[in-house]
Amino acid sequence: MDSRYHPQKIEAKWQKRWQADNLFKVVEAPDQKKYYLLEMFPYPSGKIHMGHVRNYTIGDVVARYKRMRGFNVLHPMGWDAFGMPAENAAIANNTHPAKWTYENINAMRAQLKRIGFSYDWDRELATCRPEYYRWEQWLFLKMVEKGMAYRKESYVNWCEPCQTVLANEQVEAGMCWRCGKPVRQKKLWQWFFKITDFAEDLLVHCDMLPGWPDKVTTMQRNWIGKSMGAEIRFAVKDSDALISVFTTRPDTIFGATFMCLAPEHPLVPELAAGTEQEAAVTAFVDRIALQDRSSKAIENYEKEGVFTGAYCINPMNGRQMPIYTANFALMEYGTGAVMSVPAHDQRDFDFARKYDLPVVVVVSPPDEALDGDTMAAAYTDDGTMVNSGDFNGMPNRKAMEAITDYMDKNDLGKKTVSFRLRDWGISRQRYWGAPIPMIHCPDCGIVPVPESDLPIVLPEDADLLEGGRSPLPTLDEFVRTRCPQCGREDARRETDTMDTFVESSWYFDRYCSPRCDTAMFDTAAVDYWMPVDQYIGGVEHAILHLLYSRYYTRVLEAMGLVKFKEPFTRLLTQGMVCKETTACPEHGFLFPEQVVDGDDDTRTCIECGKPVTVGRVEKMSKSKKNVIDPNVLLDQYGADTTRLFCLFAAPPERDLEWSDQGVEGSYRFLQRVWRLAERWLPVVADCKNAPVDPATLTGSFKEVYRKTHETIKRVTQDIEERFHFNTVISAVMELVNTMQAIEDLKADDASKQTVRFGLETAVLLLSPIVPHFCEELWEALGYNQSVLLSAWPVFDEAATIKDEVEVVVQVNGKLRSRFNAALDADPESLKERALADERIIAFVGEKPIKKVITVKNKLVNIVV
Ligand code: ANZ
Ligand code: ZN
């Protein structure tokens, strides 16, 4: 062992050794308990950022800890490699998305290896490889066969000048990111996964995920968005047509005074045909068709609509209700039709006032009578039924049931549920993705690719077209194919690719047998490893990625390919890595290295010398320039300090605020441990494997022995119960302090053994956190096997108990002295000792003692 701590040297040494020894390689071991630890795999953007370092460090500590606890740990890493950033970068740097992606993967792999993560690199996968996505194509075919995937016309963002489909990220405030012209909606035939078939199941299981943060299951529930209500049919006047509505408020039906249909509703043109409203309706529908129709966008539009010229009949009171088409009615929700009750729904109320439609109160508040003509806002709370025939006088909650029952009996409607969740549109009109394995034949229509023709390989050397458009439709070699059904030579391949969320919906299964080339995965391997025991990642994936993974798992389960429905037993969403921003009045945001620290706390811009302003602490981002490049840390302090800092600065689920002093402090702590080891190693070298006999210990050695047991207990609990590595580290710091406090070195065996026990324990407990550092010390302690192969230390509860406590002595509430006393010593004896204490006698002097208060195991307060 060197007398100084050289992180670079020892980190390179151990990383090499781990690799040579295949230390992180795992195989299924049916007799051993398994533990599958997974961190969300990164997008290969080119460089690891601090958010990755934090995420993967948390995971690595758990993986190493579980391994020491005797588990067979699967801890894989790979690349979420398809997606648009590769296309954008290819355009910006005039290269190919494939080339860019593979280069980035190589660079990032090297960076991850430098941080010493315990990945089984033999299981690495990249989702852009045909060996991977072919199985996704295979499952797609199965899903089509079973009706779980289907095609329908649906809207995309379209830029007319650029002649291209835009992803949502490419639409900036309704305009095309390239040409700045308005984006319109265009209908295209696209593929969908029928996730709505599983809406109820996905919802119900939100209650059965105790290992997930509540906030995440809540987001999942809200996204699925189940509403209980009724479907009610309204007859159109002078017509056979019926309009079905979905309502969550059947109690308000007597107050429904008009009807609103989505502009896309098929009845709209039919109803308007031949009326004097026809031209106005057509113009309105055409105009709305150009707008973004997502519910989010619609919230911000002014509510508007036009009369269709037709009426329908309220089935409960016979009222004639004008039928409008309105922009706030969504075709995608419920039935695409809304029975409008202006007295009790604010949106309907605004609409009614705007177009001068009647407002009829049917739910009366307890304390006042409302008048529809004069009320200023909708009344949306509960109350008593009025203007509602036989239901008058009922509490409205009861009327919901009663009216629904009545309608059910009279065949006017029925109880129903509605979900906010929509089917998952997976078609992307983009190049860098997995091709959808379908063929368009002029005679046979849409024909699946035969399984034996898989994979349909994406040509990796194609050039993107102007504006990043996909070259696939223009690549003859790719597009032209034989129709597998009729043999026509001029059939065309589907040129859409799959949403990249499809790849990330099953990569965790693939890791179980990443080289399997006969199926998506080896069933025995998945049966053994899955589900993931602990998943760790960013909260930004709390909705879509997790929901899609849960859904895809259900598809696999329905096909008999896996035996579970929930892929992730426990989930940890780590907080963000944040840092203050700094800005120069002249040069805007500055990177940390562009700021010069002056002597007197002033900080200036490296360019112009002007003082910088320090802004809020925010998530590290390139645009704000408040980023720290992990490479700089690795060069300056090494991987172990970087890891230690990430864990020490905050508990995992909280945001971590960057601090230079924190990094420096982490580095100093490691140096302190190093020096402690250096001091004691020669002394304890000869007492390896000799158990301590605590009965013979006294003084500081006795305390080291106790403290060591206590530390094992605290550390183990903090890891097991809440992954609070920050308190784990402070517990070990206390142990180190206790050991540093030993002044003289008594040569008796029990003392030496105690010190060795303390030192070995500190190394074992720290080893998941700072593995290279601990390997070096472990070796110096005389072991020739990786510390990772050692068992996690165990504690003896009895040994953690203090048999002595420190009692403080106060005079008039001020601390004046202290002494050690036996645990639970009786208060009378504490009082005696306090009064006999020389320092106390000096303080009290001649003054008469009024009162003495004693608190067992804690204090004696003397009042004079
Ligand atoms: C009558 C009514 C009266 C309603 C009232 C609300 C309050 P949630 O809770 O989100 O499920 N609605 C139904 N289909 C719609 C569509 N396609 N586009 C826009 N709005 C639609 O919302 C359910 C309510 O949203 C339904 O209940 C319906 O308005 C409206 F005092 O019906 B309600
Ligand atoms: Zn054909």
Side-chain angles (χ1 to χ4, degrees), residues 196 199-200 203 221-234 243-268 288 291-301 303-305 312 314-317 319 321 323-352 357-365 370 372 375 377-388 391 395-397 399-400 403-404 407 412-422:
T196 51
E200 183 71 40
L203 183 70
R221 281 191 200 92
N222 292 343
W223 189 262
I224 297 166
K226 180 178 181 176
S227 293
M228 310 288 282
E231 199 170 306
I232 304 174
R233 281 182 299 278
F234 291 71
I243 298 173
S244 260
V245 304
F246 169 71
T247 177
T248 47
R249 295 290 306 274
D251 53 321
T252 64
I253 182 157
F254 287 86
T257 56
F258 58 98
M259 173 71 70
C260 286
L261 302 182
E264 303 87 354
H265 197 289
L267 269 180
V268 170
I288 300 298
Q291 295 178 348
D292 182 352
R293 297 288 290 147
S294 65
S295 49
K296 202 169 150 203
I298 283 170
E299 274 168 31
N300 300 318
Y301 289 135
K303 314 291 170 265
E304 55 171 339
C312 63
N314 187 319
M316 298 301 281
N317 57 12
R319 171 192 277 274
M321 299 161 52
I323 304 172
Y324 278 71
T325 175
N327 65 342
F328 66 76
L330 294 166
M331 194 57 216
E332 304 266 272
Y333 189 63
T335 61
V338 187
M339 69 171 210
S340 290
V341 184
H344 303 294
D345 180 274
Q346 191 57 39
R347 208 172 45 178
D348 296 347
F349 182 86
D350 296 340
F351 196 87
L357 293 159
V359 177
V360 176
V361 174
V362 291
V363 177
S364 184
L370 287 175
M375 66 201 286
Y379 176 72
T380 55
D381 285 345
D382 289 334
T384 308
M385 301 294 291
V386 293
N387 294 323
S388 297
F391 302 95
N396 73 305
R397 293 269 142 200
M400 278 185 194
I403 291 178
T404 309
M407 290 193 297
L412 301 169
K414 62 172 194 300
K415 208 177 188 143
T416 182
V417 294
S418 191
F419 290 94
R420 206 181 84 93
L421 184 67
R422 302 268 69 88

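Read the numbers this way: they start at 1 and go in the same order the structure lists the ligands and their atoms.
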Q: Is the shortest heavy-atom distance from the side chain of Ile253 to the side chain of Asn314 under 4.5 Å?
A: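 Contact flag for Ile253/Asn314 side chains = yes.
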Q: Please state which protein non-hydrogen atom is closest to atom 6 (C) of ligand 1 and give its distance, to 0.1 Å?
A: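 Looking only at protein heavy atoms, the one closest to atom 6 (C) of ligand 1 is Asp345 OD2, 3.6 Å.
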Q: To the nearest 0.5 Å, how far apart are NZ in Lys226 and CZ in Phe419?
A: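 Going from the NZ atom of Lys226 to the CZ atom of Phe419 covers 5.0 Å.
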Q: Would you kindly specify which portion of Glu332 sits under 4.0 Å from ligand 1, judged on non-hydrogen atoms: side chain, backbone, both or neither?
A: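 Neither; no heavy atom under 4.0 Å.
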Q: Please state which protein non-hydrogen atom is closest to atom 19 (C) of ligand 1 and give its distance, to 0.1 Å?
A: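 Minimum-distance protein heavy atom for atom 19 (C) of ligand 1 reads Phe328 O, 3.4 Å.
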Q: Closest non-hydrogen protein atom to atom 3 (C) of ligand 1, residue and atom name please, with distance?
A: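 Protein heavy atom at minimum distance: Thr252 OG1, 3.4 Å.
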Q: Do the ring planes of Tyr324 and Phe258 sit parallel (below 30°), tilted (30 to 60°) or perpendicular (above 60°)?
A: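 Judged by the thresholds at 30° and 60°, the geometry between Tyr324 and Phe258 is perpendicular.
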Q: Ignoring hydrogens and geometry, is there a side-chain-to-backbone donor-acceptor pair from Thr247 to Arg249 under 3.5 Å?
A: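 Checking the backbone N and O of Arg249 against the side chain of Thr247, a donor-acceptor pair under 3.5 Å is found.
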Q: Please examine the side chains of Phe254 and Asn387, heavy atoms only from C-beta on, and report whether any two atoms are closer than 4.5 Å.
A: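 No - every pair of side-chain heavy atoms lies 4.5 Å or more apart.
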Q: Test of understanding: given a 4.0 Å heavy-atom threshold, classify the contact between Thr247 and ligand 1 as side chain, backbone, both, or neither.
A: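 Both backbone and side chain of Thr247 come within 4.0 Å of ligand 1.
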Q: Does any part of the side chain of Val417, heavy atoms only, come nearer than 4.5 Å to the side chain of Met228, both counted from C-beta?
A: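 Yes; the side chains approach each other to less than 4.5 Å.
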Q: Assess Ser227 for proximity to ligand 1: is some non-hydrogen atom of it under 4.0 Å away?
A: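 A heavy atom of Ser227 does come that close to ligand 1.
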Q: May I ask you to check if ligand 1 and Asp348 share an N or O to N or O distance below 3.5 Å?
A: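 Between Asp348 and ligand 1 (N or O atoms, distance only) the closest approach is not under 3.5 Å.
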Q: Could you check whether any heavy atom of Ala329 sits closer than 4.0 Å to an atom of ligand 1, since that is the contact criterion I want to use?
A: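 It does; at least one heavy atom falls under 4.0 Å.
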Q: For ligand 1, is any non-hydrogen atom under 4.0 Å from Arg347's backbone (N, CA, C, O), its side chain (CB onward), both, or neither?
A: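 For Arg347, only side-chain atoms sit under 4.0 Å from ligand 1.
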Q: Which protein non-hydrogen atom lies closest to atom 14 (N) of ligand 1, naming both residue and atom, and how far is it?
A: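 In this structure, atom 14 (N) of ligand 1 has Tyr333 CD2, 3.7 Å as its nearest protein heavy atom.
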Q: Is the backbone of Thr335 close enough, under 3.5 Å, to the side chain of Ser244 for a donor and an acceptor to pair up by distance?
A: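 Judged by distance alone, no pair lies under 3.5 Å.
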Q: Taking the side chain as everything from C-beta on, heavy atoms only, tell me whether Leu357 gets closer than 4.5 Å to Phe351.
A: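 The answer is yes; the side chains approach within 4.5 Å.
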Q: Nearest protein heavy atom to atom 15 (C) of ligand 1, by residue and atom, and its distance?
A: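 Its nearest protein heavy-atom neighbour is Val338 CG2, 3.6 Å.
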Q: Please could you name the atoms of ligand 1 that Met339 approaches to less than 4.0 Å, counting only its heavy atoms?
A: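 Every atom of ligand 1 under 4.0 Å from some heavy atom of Met339: 1 (C), 32 (O).
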Q: Relative to atom 7 (C) of ligand 1, which among Gln346, Arg420, Arg249, Met331 owns the nearest non-hydrogen atom?
A: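 Looking at heavy atoms only, the winner is Arg249.
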Q: Taking salt bridge (Lys or Arg N to Asp or Glu O under 4.0 Å) as the criterion, tell me which of Asp381, Asp382, Asp251 meets it with Arg397.
A: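 It is Asp382; the other options fail the test.
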Q: Within the structure, is a non-hydrogen atom of Gly336 found at a distance of less than 4.0 Å from ligand 1?
A: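 Flag set, Gly336 near ligand 1.
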Q: Should Met316 and Leu412 count as side-chain neighbours, where that means a heavy-atom distance under 4.5 Å?
A: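 They are in contact (side-chain heavy atoms under 4.5 Å apart), so the answer is yes.
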Q: Can you pull out the closest protein heavy atom to atom 31 (F) of ligand 1? Residue, atom name and distance to 0.1 Å, please.
A: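 For this ligand atom, the closest protein heavy atom is His344 O, 2.9 Å.
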Q: So which heavy atom in the protein is nearest atom 27 (O) of ligand 1, and how far is it from that ligand atom?
A: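 Nearest neighbour among protein heavy atoms for atom 27 (O) of ligand 1, to 0.1 Å: Thr248 N, 3.1 Å.
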Q: For the residue pair His344 and Val361, establish whether any side-chain heavy-atom pair is separated by less than 4.5 Å.
A: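 Answer yes - side chains close enough.
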Q: Starting from atom 18 (N) of ligand 1, which protein heavy atom do you reach first, and at what distance in Å?
A: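 Answer, as residue, atom name and distance: Leu330 N, 2.9 Å.
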